[in-house]
Amino acid sequence: MSHEEFPTDRPAVVTCGLPYANGDLHIGHLRTYVGGDVYARALRTLGQETAFVSGSDMHGTPVAVNAEEAGVSPETFALEWHETYAETFPKFGVEFDNYGHTHDTTNVELTSEIVRTLDENGHVYEKEIMVAYDPAEEQSLPDRYVEGTCPYCGERARGDECDEGCGRHLEPGEIEDPQSTITGNPAEYREQTHKFFRVSAFQDYLAEFIDRLEGTANAKNQPREWIEGELRDWCITRDMDWGIDYPDGEEPSDESDLVLYVWVDAPIEYAASTKQYSERVGADVFDWEEAWKGSADESGGEVVHVIGRDIIQHHTVFWPAMLRGADYVEPRAVMASGFITLNGQGFSTSRNRAVWADEYLDEGFHPDLLRYYLATNGGFQQDVDFSWERFRERVNNELVGTVGNFAYRALLFAHREFDGTPDADLSTEVRERIEDAIDEFTAAVNDYSVRAAGDAAVSLASFGNEYIQQNEPWNLVDEDPERAAQVLRDCVQVAKAVSVLFAPVAPGTADRLWSQVGGEGSVHDVTVDAALEPPAPDFGEPDELYEKIPAERVEELNAKLEARVAEAERDEEGDADADDDAETDTTLEPVEADRIGFEEFQDLDMRVGEILEAEGIEGADDLARLVVDIGVEERQIVAGIKQLHDLDSLPGTRVVVLANLESAELFGVESNGMVLAAGEEADLLTTLADADPGERVR
RNA sequence: AGCGGGAUGGGAUAGCCAGGAGAUUCCGCCGGGCUCAUAACCCGGAGAUCGGUAGUUCAAAUCUACCUCCCGCUACCA
């Protein structure tokens with residue numbers, strides 16, 4: 001890699017994070033793939049030799065678990081998703097030079113080779129750790145095959161992560177009270193030898209690397225916490241069948257059926273996929289080894305990883321360490337995209353609150369429209385909100401009104417009056433404006449800004465509209481035909497330049513525009529220089545590039561989305577009701593539909609208290625006056641618990657008190673707080689064990 | 001809790017890394033123009049003390065410190 005400006009004379013590799021072969025794609029996923037595709041195309045437009053690669057991530061426990069549920073082999077399961085992805089991406093104009101998967105021979109071989117190199121270079125060591133094991137089934141239980149209690153917070157947790165409690169990652173062997181997720185059998189721990197990658201040895205290297213790394217700010221900054229802190233070594237093997245075997249270099253023995261952890265072979269697919277591309281087109285066209293192997297300073301390609309911002313650490317810590325340890329190049333840049341929200345809220349696949357890739361296509365919209373939205377609605381690392389209303393707005397105003405309208409009016413006029421490009425020289429003003437647009441585009445690519453690259457073309461088209469409007473060629477045709485020819489010559493040139501600069505974002509429609517100005521071949525085969533080359537002297541009648549989206553479509557689409565979400569919610573409630581009915585006849589209030597945030601929960605200051613005194617309040621049927629010790633102080637609290645009758649037995653009872661409730665006066669008695677109780681019978685909440693008065697309830 | 005990202009006219013967004021004239025663009029609002037163009041387009045206007053406080057500077061949206069609020073990450077969610 002180098003730090004020269006793009007284009008450089010080295011081969012570039014643009015990669016997209018591997019989609020995990022485990023479910024449908026929605027437009028949130030597409031954000032990353034469209035971004036990568038736009039970036040790769042933009043590099044090529046600058047004249048940079050570029051390979052654009054990705055592949056499906058086939059391994060790992062979620063695939064194995066879901067395949068088992070579906071009753072098929074993990075390979076069959078993952079391959080089905082792989083094929084779906086491979087078919088879906090091109091439908092959005094996301095055209096990888098190679099799209100492989102992590103289970104193909106190329107990746108299996110390259111992964112084995114790289115791990116063997118790491119081993120030979122002394123970066124791998126063995127360590128005995130305790131792993132969960134199901135004695136009844138005689139089966140090891142890696143990662144999500146086991147659940148139990150988090151050793152840090154005590155919450156129920158999955159084997160690899162405390163997903164509902166503290167959110168911590170759990171290394172194999174950490175979880176307490178382990179239990180098999182397959183059989184529900186209690187699991188036991190057995191000692192087993194696993195392989196560890198000495199990430200800690202790369203601390204100094206990574207500290208320098210992160211300073212050199214280009215790309216989005218989040219990718220450059222987020223990993224600093226780890227790199228500048230203490231790096232833990234990384235367990236890179238799992239005891240399961242599905243995955244790439246650990247390359248022992250010896251005869252496969254029965255006792256070792258360890259496979260590599262999925263995050264080891266996944267990023268290697270970037271290189272393996274490039275290798276497949278190289279093998280297909282020939283090393284003279286693209287040499288994967290030149291791109292991936294040269295030493296960091298002297299040679300090697302420009303590797304740019306385009307990922308979602310949830311997997312930054314893998315691409316800025318583990319992966320560069322692996323590359324370094326195996327004598328490969330280091331990535332030049334990591335572009336980490338923000339997420340997509342839907343009408344301001346996060347996607348929720350379980351509640352079907354998402355816009356699915358297939359769904360978008362089924363609605364009959366051109367992929368370029370969504371590409372434009374996703375690529376230019378905000379900075380790449382920013383979260384972007386999607387709404388059909390906003391989608392319509394941007395399509396109608398920017399694509400139809402600005403780009404499409406300019407191209408159409410300019411070319412139609414030129415065609416009618418001049419049968420094509422008028423015979424005149426390009427004016428200096430317009431030449432300079434186009435040069436500015438090219439500079440803007442080039443700067444955008446070097447700044448890793450997908451948005452700015454797309455905007456360069458749209459603002460150029462906007463300039464075109466101003467230019468044609470101010471010069472009024474429709475009046476000049478009679479008054480001053482020469483001047484009219486000049487103006488139209490300029491406009492056709494602008495249209496041609498727009499086609500070239502818009503090609504990365506809108507590959508389909510830009511190519512149509514290219515043909516409309518009489519361009520030969522495909523706009524995707526030309527570079528920025530073409531923007532200033534003279535357009536064809538003759539071209540036919542243009543047609544419109546984009547169509548407006550009527551307001552009714554938006555209403556329709558929103559209604560569909562709402563109906564779908566409602567249906568998903570009903571299903572969920574239905575399931576819940578069915579469970580409840582089996583256990584109880586009493587009518588329970590439904591759970592509040594509106595969820596509150598953790599912050600709001602924290603606003604409630606609940607304490608453990610001990611009742612010191614309890615007496616009925618005269619004249620009140622249900623009220624009792626309590627004095628409660630809540631550790632920090634004693635509180636007088638009025639509570640509606642007279643149904644319990646046995647007020648005398650209450651002193652000494654532990655209760656839960658909402659301590660920061662505003663005070664109130666009931667029957668002339670001041671009440672400072674609320675004692676929590678359940679149901680009509682005022683069943684008091686108490687603590688099970690040793691919490692002292694004053695302890696906060698969380 | 002630590003870390004990362006963010007807060008910019010009514011809404012949405014750019015600019016911040018490399019401080020410097022009227023703070024960008026889209027929507028919406030008000031007024032005008034044009035008729036080549038998809039009721040498209042162009043011009044003008046109103047509307048922002050750039051989250052808060054303090055500082056650095058001749059000059060701060062931009063740099064520094066502290067604070068508030070939103071989103072996320074913390075080792076398998078794009």
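Lettering follows sequence order; numbering is per chain, from 1.
The C1' atoms of rA14(B) and rA1(B) are separated by 34 Å, rounded to the nearest whole Å. Taking the C1' atom of each, rA37(B) and rG4(B) are spaced 47 Å apart, rounded to whole Å. Between rG5(B) and rG47(B), the distance separating the two P atoms is 35 Å to the nearest Å. Comparing the same atom, C1', in rU25(B) and in rG9(B) gives a spacing of 13 Å after rounding to whole Å. Taking atom P on both nucleotides, rC36(B) is separated from rC30(B) by 27 Å, rounded to a whole Å. For the C1' atoms, the distance linking rA60(B) with rA21(B) amounts to 15 Å, nearest Å. To the nearest whole angstrom, the two P atoms, one in rU49(B) and one in rG10(B), are 8 Å apart. rG22(B) and rA46(B) are spaced 15 Å apart, taking the P atom of each and rounding to whole Å.
Partners of R394(A) by side-chain hydrogen bond (donor to acceptor under 3.5 Å, both in side chains), not counting sequence neighbours, listed by chain and number: Y372(A), T376(A), N377(A), E398(A). Under the rule for a side chain to side chain contact (heavy atoms under 4.5 Å, CB included), the partners of E389(A) that lie at least two apart in sequence or sit in another chain are S387(A), R392(A), E393(A), V554(A). For H314(A), the side chain to side chain contact (heavy atoms under 4.5 Å, CB included) partners at least two apart in sequence or on another chain are W263(A), I311(A), F318(A). Remark: D239(A) engages S140(A), Q192(A) in a side-chain hydrogen bond (donor to acceptor under 3.5 Å, both in side chains) (not counting sequence neighbours). With sequence neighbours excluded, no residue satisfies side-chain hydrogen bond (donor to acceptor under 3.5 Å, both in side chains) with Q313(A). With sequence neighbours left out, the salt bridge (Lys or Arg N to Asp or Glu O under 4.0 Å) criterion links R416(A) to no other residue. For R451(A), the salt bridge (Lys or Arg N to Asp or Glu O under 4.0 Å) criterion is met by D455(A), not counting sequence neighbours. For Y20(A), there are no side-chain hydrogen bond (donor to acceptor under 3.5 Å, both in side chains) partners two or more places apart in sequence or in a different chain.
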Considering only nitrogen or oxygen atoms on both sides, find all protein atoms under 3.5 Å from nucleotides 11-17 of chain B and state each distance.
residue, atom, partner, partner atom, Å
rU13(B), O3', R451(A), NH1, 3.4
rU13(B), O2', R451(A), NH1, 3.1
rU13(B), O2', R451(A), NH2, 2.7
rA14(B), OP1, G379(A), N, 2.7

Collect all protein-nucleotide pairs involving nucleotides 19-21 of chain B in which both atoms are nitrogen or oxygen and the distance is under 3.5 Å.
none

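If you check every strand for non-hydrogen atoms under 4.0 Å, V262(A) touches a base. Within 4.0 Å (heavy atoms only), I340(A) reaches at least one base atom of the nucleic acid. R309(A) comes within 4.0 angstrom of sugar-phosphate atoms only, judged by non-hydrogen atoms across all strands, and of no base. Nucleic acid contact class of Y33(A) (heavy atoms, under 4.0 Å, all strands): none.
Taking 4.0 angstrom as the limit, H314(A) places a side-chain polar atom (N or O) nearer than this to OP1 or OP2 of rC76(B). At rG72(B), none of the side-chain N or O atoms of N218(A) fall inside 4.0 Å of OP1 or OP2 (strictly under the cut-off).
Between the side chains of Y33(A) and S54(A), no donor N or O sits under 3.5 Å from an acceptor N or O. With 3.5 Å as the limit, one finds a donor-acceptor pair spanning the side chains of Y270(A) and H315(A).
Evaluation of the salt bridge (Lys or Arg N to Asp or Glu O under 4.0 Å) test over residues 540-551 of chain A, restricted to residues two or more places apart or in two chains, returns R512(A)-D543(A).
The six-membered or imidazole ring of H101(A) lies away from that of Y85(A), with a centre-to-centre distance of 6.0 Å or more.
Of the nucleotides present, rC71(B) is the one that pairs with rG4(B) by Watson-Crick or G-U wobble criteria, both distances under 3.5 Å. Taking a pair to require two hydrogen-bonding distances under 3.5 Å in either a Watson-Crick or a G-U wobble arrangement, rC36(B) remains unpaired. Judged by Watson-Crick or G-U wobble contacts below 3.5 Å, the nucleotide rU49(B) has no partner. Figure legend. rC77(B) is base-paired to no nucleotide; pairs are counted as Watson-Crick or G-U wobble with both atom distances under 3.5 Å. Under the Watson-Crick or G-U wobble criterion, with both distances below 3.5 Å, rA23(B) has no partner in any strand shown.
rG28(B) atom C1' lies 16 Å from atom CZ of R394(A), rounded to whole Å. Whole-Å rounding puts the E466(A) CD to rA40(B) P distance at 18 Å. Atom CZ in F391(A) sits roughly 17 Å away from atom P in rC27(B) (whole-Å rounding). Atoms CD1 (I307(A)) and P (rC77(B)) sit 13 Å apart, rounded to a whole Å. For W234(A) and rC76(B), the CH2 to P distance is 8 Å, given to the nearest whole Å.
The 5' end of RNA chain B is approached more closely, in terms of each residue's nearest nucleotide, by V317(A) than by the other of V317(A) and D310(A).
Comparing atom distances between the Q470(A) side chain and each of rC76(B), rG4(B), rC43(B) picks out rC43(B) as nearest.
Judged by the 6.0 Å and 45° rule, R31(A) forms no cation-pi pair with F339(A). Annotation: cation-pi geometry not satisfied between R553(A) and F391(A) (NZ/CZ under 6.0 angstrom from ring centroid, within 45° of ring axis).
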Notebook entry, point to check: What string of B, S and - do you get for nucleotides 32-39 of chain B 5' to 3' if you count protein non-hydrogen atoms under 4.0 Å?
Noted result: -BSSBBB-
